[in-house]
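Below, chain A is the first sequence line, B the second, and so on; all start at residue 1. The figures here come from the full heavy-atom set of this structure, side chains too, leaving out hydrogens, waters and symmetry mates.
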2 protein chains.
Amino acid sequence: MLADPTRATFCVALLDGRAWTANELATLAGVSAPTATGHLHRLVDSGLCTERRQGRHRYVQLADPETAALIESLAGHSQAPAVAPSGLRASTASAALARGRTCYDHLAGRLGVAVTDAMTDRGILDRTAGFALSDKGRDWMTTALGVDTAAWSRGRRPAVRECLDWTERRSHLAGLAGAAVCARFLESDWVRRIGSTRAVRLTDTGAEALGELLALDTATLR
Amino acid sequence: MLADPTRATFCVALLDGRAWTANELATLAGVSAPTATGHLHRLVDSGLCTERRQGRHRYVQLADPETAALIESLAGHSQAPAVAPSGLRASTASAALARGRTCYDHLAGRLGVAVTDAMTDRGILDRTAGFALSDKGRDWMTTALGVDTAAWSRGRRPAVRECLDWTERRSHLAGLAGAAVCARFLESDWVRRIGSTRAVRLTDTGAEALGELLALDTATLR
DNA sequence: GGGACGGTTCGGCGACCGCCGAAATGTCGC
DNA sequence: GCGACATTTCGGCGGTCGCCGAACCGTCCC
């Protein structure tokens with residue numbers, strides 16, 4: 001199912017966690033609308049995606065975080081692209097993605113890895129044996145981010161998960177904690193989406209906040 | 001690469017962590033030798049597998065634990081097999097696999113999940129936030145298993161990793177800790193391979209040892 | 001109502017790719 | 001050297017599947 005280049009392109013696009021319409025995906029992948037329709041039917045039938053009909057539009061998105069994690073891990077294992085993007089526009093877009101982006105519902109790129117590293121340095125994450133939130137980390141989630149971590153023990157989704165970043169080739173934070181951090185950062189406008197892409201950029205207030213909360217040097221992230 | 005049924009069968013077989021010859025894999029997957037050769041070339045070229053020539057034999061195995069983890073996660077996401085294995089022999093073999101098996105280099109099946117659960121109950125694993133080894137767990141590794149956990153901080157492979165068990169549909173322990181547990185159990189003859197398959201069974205001494213070390217009730221695992 | 005537009009169904013074309021048999025190569029054991 | 005055996009190369013067959021154009025169905029907006 002994921003082996004077809006067109007469907008793979010769809011899924012990577014859907015990794016941004018948003019719902020796309022059939023035509024958007026068709027244009028992105030460079031195929032005709034009928035082709036895209038057929039692929040989307042198969043993705044929905046196989047349970048990888050879900051759809052929401054709304055008027056004459058059909059919005060498709062990944063079925064759940066587990067599916068997103070699977071696609072991430074496949075993307076992480078695929079070799080680096082053979083050719084670098086050419087052209088000013090493409091390379092600007094690709095640079096923006098490398099700097100910071102969302103990966104389903106958490107942060108990735110240099111920004112995502114930097115935040116994860118800073119959380120480790122500050123003792124919020126414990127990476128000496130596995131990838132876990134320390135006691136201090138649980139406090140930090142509540143006081144700094146206003147997140148109720150007690151609710152995390154219920155449910156199937158892991159609280160903390162490691163996700164291989166395919167541009168940085170290093171791990172960043174995923175799971176419920178990663179999603180909470182990303183959501184809070186977007187809500188507080190510390191991080192803002194660039195247009196309607198997956199790419200995000202750090203705002204001025206965001207840079208300041210991350211300096212205070214995580215002693216993070218944001219100079220290379222802007 | 002992994003989408004072809006024959007190659008997928010090869011990779012799942014290789015999940016036992018051992019090296020297989022081309023003919024063994026051909027027989028298992030029900031294809032001719034030339035077909036198997038072609039597939040193995042592609043798997044090696046793509047970096048998923050490595051080969052070791054030895055006389056007139058060609059031994060193939062998975063390239064590294066990361067690759068094994070990828071295949072595991074794909075296997076975990078594939079739907080349950082539509083048809084139950086039929087025939088006495090097939091169902092005995094499948095029951096043995098469900099009871100206990102190796103999953104690349106760690107334990108899986110009911111046995112793997114039970115050991116993981118027991119380690120959690122005894123406070124060796126901390127699953128309240130992520131999947132990590134507690135301080136107590138590090139001591140246990142050293143005293144009970146004679147494993148030096150200090151060496152784990154170096155290297156890319158995570159010390160503790162969660163692996164979705166495709167028969168139990170629950171997580172079991174993987175990563176360096178999972179590999180250490182499995183290796184130690186096999187060395188001590190607490191667990192023994194059934195023939196040359198991935199399936200393993202608990203020995204009498206093993207049942208006793210697990211009762212002492214983990215307060216594990218092994219009645220349903222035999 | 002009528003045009004615009006998103007999405008869908010149908011039919012058919014073409015390419016890719018997995019498969020095998022036959023024959024070749026290389027290794028082992030005697 | 002010679003037969004047995006594991007593996008490989010080659011050539012060719014066949015099915016699957018992705019793709020598109022054309023025509024069709026709904027919904028939205030004027």
ask   = Hey, does the side chain of Arg56(A) come within less than 4.0 Å of dA4(C)'s phosphate (OP1/OP2), counting only N and O?
value =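 False: Arg56(A) side-chain N/O out of range (4.0 Å or more) of dA4(C) OP1/OP2.
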query = Distance check: side-chain N/O of Arg42(B) vs OP1/OP2 of dG18(C), anything under 4.0 Å?
reply =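 So the side-chain polar atoms of Arg42(B) do come within 4.0 Å of the phosphate oxygens OP1 or OP2 of dG18(C), strictly under.
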inquiry  = Tell me which residues in residues 10-18 of chain A lie within less than 4.0 Å of DNA chain C, going by non-hydrogen atoms.
reply    =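 Nucleic-acid contacts, sorted: none.
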ask   = Looking at DNA chain C, which of residues 22-39 of chain A put a heavy atom within less than 4.0 Å of it?
value =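 Under 4.0 Å from DNA chain C: Ala22(A), Asn23(A), Ala33(A), Pro34(A), Thr37(A).
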query = For Thr6(A) and Gln54(A), take the nucleotide of DNA chain D holding the closest heavy atom to each; which residue's nucleotide lies nearer the 5' end?
reply =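 It is Thr6(A) whose nearest nucleotide is closer to the 5' end.
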query = Taking 5' to 3' order, which nucleotide of DNA chain D is first and which is last to have an atom within less than 4.0 Å of a heavy atom in chain A?
reply =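 Both ends considered, the range comes out as dG18(D) to dC28(D).
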message = With heavy-atom distances below 4.5 Å as the criterion, would you say the side chains of Val115(A) and Leu214(A) are in contact?
response =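 Yes, at least one pair of side-chain atoms sits under 4.5 Å.
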ask   = Can you tell if the side chain of Val200(A) reaches within under 4.5 Å of the side chain of Thr102(A), non-hydrogen atoms only?
value =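 SC-SC contact between Val200(A) and Thr102(A) confirmed.
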Over how many whole Å does the gap from [X] atom [atom1] to [N] atom [atom2] extend?
X        : N       : atom1 : atom2 : answer
Asp4(B)  : dG18(C) : CG    : P     : 5 Å
Arg58(B) : dT25(C) : CZ    : C1'   : 15 Å
Leu40(A) : dG6(C)  : CG    : P     : 15 Å
Arg52(A) : dG7(C)  : CZ    : P     : 13 Å

Ring-face cation contact, Trp166(B) with Arg101(B), 6.0 Å cut, 45° max =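 Satisfied, under 6.0 Å and within 45°.
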query = Who are the salt bridge (Lys or Arg N to Asp or Glu O under 4.0 Å) partners of Arg58(A), not counting sequence neighbours?
reply =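 For Arg58(A) the salt bridge (Lys or Arg N to Asp or Glu O under 4.0 Å) partners, ignoring immediate neighbours, are Glu51(A).
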key: Pairing residues for Arg192(B) by the salt bridge (Lys or Arg N to Asp or Glu O under 4.0 Å) criterion, not counting sequence neighbours   =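 By the salt bridge (Lys or Arg N to Asp or Glu O under 4.0 Å) rule, Arg192(B) matches Asp189(B).
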inquiry  = Using the ring pair (Phe, Tyr, Trp, His ring centres under 6.0 Å) criterion, which residues pair with His172(B)? Sequence neighbours excluded.
reply    =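 Here the qualifying residues are His106(B).
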ask   = Which pairs with one or both residues in residues 201-210 of chain B pass side-chain hydrogen bond (donor to acceptor under 3.5 Å, both in side chains), sequence neighbours excluded?
value = Thr203(B)-Thr205(B), Asp204(B)-Arg222(B)
message = List the residues meeting side chain to side chain contact (heavy atoms under 4.5 Å, CB included) with Arg7(A), not counting sequence neighbours, and say none if there are none.
response = Met1(A), Asp4(A), His39(A), Arg42(A), Leu43(A)
query = Just by distance, with hydrogens left out, do Thr35(A) and Ser32(A) show a side-chain donor and acceptor under 3.5 Å apart?
reply = yes
task = State, without any angle test, whether Thr21(A) and Asn23(A) hold a side-chain donor-acceptor pair at a distance under 3.5 Å.
result = no
Identify each donor-acceptor pair in which a side-chain atom of residues 10-17 of chain B lies under 3.5 Å from a protein atom, sequence neighbours left out, and give them as a table.
residue, atom, partner, partner atom, Å
Asp16(B), OD1, Arg18(B), N, 2.9
Asp16(B), OD1, Trp20(B), NE1, 3.3
Asp16(B), OD2, Arg18(B), NE, 2.8
Asp16(B), OD2, Arg18(B), NH2, 2.6
Asp16(B), OD2, Trp20(B), NE1, 3.3

note = Residue set satisfying side-chain hydrogen bond (donor to acceptor under 3.5 Å, both in side chains) with Asp64(B), at least two apart, ordered chain then number -> Thr67(B)
key: Residue pairs involving residues 170-187 of chain A (criterion salt bridge (Lys or Arg N to Asp or Glu O under 4.0 Å); sequence neighbours excluded)   =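 For residues 170-187 of chain A, and leaving out neighbouring residues, the salt bridge (Lys or Arg N to Asp or Glu O under 4.0 Å) pairs sorted by first residue read Asp117(A)-Arg170(A), Arg184(A)-Glu187(A).
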request  = Have a look at the helix from dG1(C)-dC30(D) to dC30(C)-dG1(D) and give the angle its two end axes make, five pairs each, rounded to 10 degrees.
outcome  =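 What I find for the helix from dG1(C)-dC30(D) to dC30(C)-dG1(D) is an axis angle of 40°.
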